[in-house]
Amino acid sequence: MAAELGGLAAAFSVEILPECDSTNSRLLADPPPEDGRIAVLAADRQTAGRGRRGRAWQSWPGAGLTFSVLWHFAPGAPVPAGLSLVVGLAVARALEDLGVEGVQLKWPNDVLVNGHKIAGILIELVSGRGRPLAAVIGVGINLRLPPDAEIESAFGVTDLARCLDALPSASRLLGLVLAQLHHFVGICEMAGFDGLRGAWQQRNAFADLPVRILGEAEPLAGTCVGVDVDGALLLQTPDGLRRVLSGDVSLRVA
Ligand code: BTN
């Protein structure tokens, strides 16, 4: 991991556990004392991994990389707009650096390869006195899923073993993702999401396709025309252009 992080290694404190319930839950319940470094907790296996929308994130020994990053915001700063999309972009770039082809992003932050999900992201905010203080950024990447794994997913799943001839170590992959996270979340905090919008849209799995958004009061159907400067999904609907904010919603092919 040190080789991938280079000079950034000192910016992170990384703890790797053989097993825990959920790296997100652990960092939320028991954050390490602040020492100026970005705390990272990885686990070889999670017994109660969590996904978006109340779903479980299953794990098997050696089958995936599962980790969470505690990202503190500057005092008084808001949650950076587009954070959730930028984390997906960072994971996508790390996979591309390894030589994976066909990496796509599904709004707000799933990472797909040729239409199948390879990584999921769960971001949970930590607040104090009504203000956002930090985000726990949880990432799960499929390395080599068991052949009989049953995973509920609207798009089907894939893993790195199916994309690459030689599987990288979990530690190398962690280093690559952390380096990209540092780069992209840093830009997003300093300059906003707008400058990263093109990079996100280049990888948009549903560009110009008809989609449905589930989870709002009424399902919303339209054509996915991209994302806005703050990361909101832009849908062309019969009633005009609609913005969908990243909340507890899910995107499906219409
Ligand atoms: C999703 O696609 O629904 C999001 C999945 C997020 C899974 C990761 S694994 C590490 C971290 N700990 C958790 O319990 N969840 C996230």
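Since this is a predicted model, take the numbers as computed values, not measurements. Counting starts at 1 for both ligands and their atoms, following the listed order.
The protein atom (non-hydrogen) at minimum distance from atom 10 (C) of ligand 1 is Thr23 OG1, 3.3 Å. The nearest protein atom to atom 9 (S) of ligand 1, hydrogens excluded, is given as Gln46 NE2, 3.4 Å; this is a heavy-atom distance. Among all protein heavy atoms, the one lying closest to atom 3 (O) of ligand 1 is Arg52 N, 2.6 Å. Ranking protein heavy atoms by distance to atom 6 (C) of ligand 1, first place goes to Arg50 O, 3.6 Å.
The shortest heavy-atom contact between Cys163 and Val100 is CB-CG1, 4.0 Å.
Taking 4.5 Å as the limit, every side-chain heavy atom of Val126 sits out of range of all side-chain heavy atoms of Pro31. Side-chain atoms of Leu28 and Val136, non-hydrogen and from C-beta on, do get closer than 4.5 Å to each other. Using a 4.5 Å heavy-atom cutoff, the side chains of Leu105 and Asn204 are not in contact.
Aromatic ring centres of Phe155 and Phe206 lie closer together than 6.0 Å.
Between Trp57 and ligand 1, no N or O atom pair is found at a separation short of 3.5 Å. Here's the thing with Arg55: none of its N/O atoms is less than 3.5 angstrom from an N/O atom of ligand 1. Distances between N or O atoms of Thr66 and those of ligand 1 include no value under 3.5 Å.
Checked for salt-bridge contact, Arg203 and Glu96 meet the test: a charged N lies under 4.0 Å from a carboxylate O. Salt-bridge check for Asp228 with Arg243: passed, with a basic side-chain N closer than 4.0 Å to an acidic carboxylate O.
Follow the hydrophobic side-chain contacts under 4.5 Å out from Leu70 and you never reach Leu65; the two are in separate clusters.
Residue contacts with ligand 1, taken as heavy atom pairs separated by less than 4.0 Å, involve Asp110 solely via side-chain atoms from C-beta onward. Of the heavy atoms in Lys117, only side-chain atoms (C-beta onward) come closer than 4.0 Å to ligand 1.
Close contacts between ligand 1 and Gly51 involve ligand atoms 1 (C), 3 (O), 4 (C), 5 (C) [criterion: under 4.0 Å to a heavy atom]. Each of the atoms 14 (O) of ligand 1 lies under 4.0 Å from some heavy atom of Gly49. Contact atoms of ligand 1 toward Gly140: 8 (C), 9 (S) (distance under 4.0 Å to a heavy atom of the residue).
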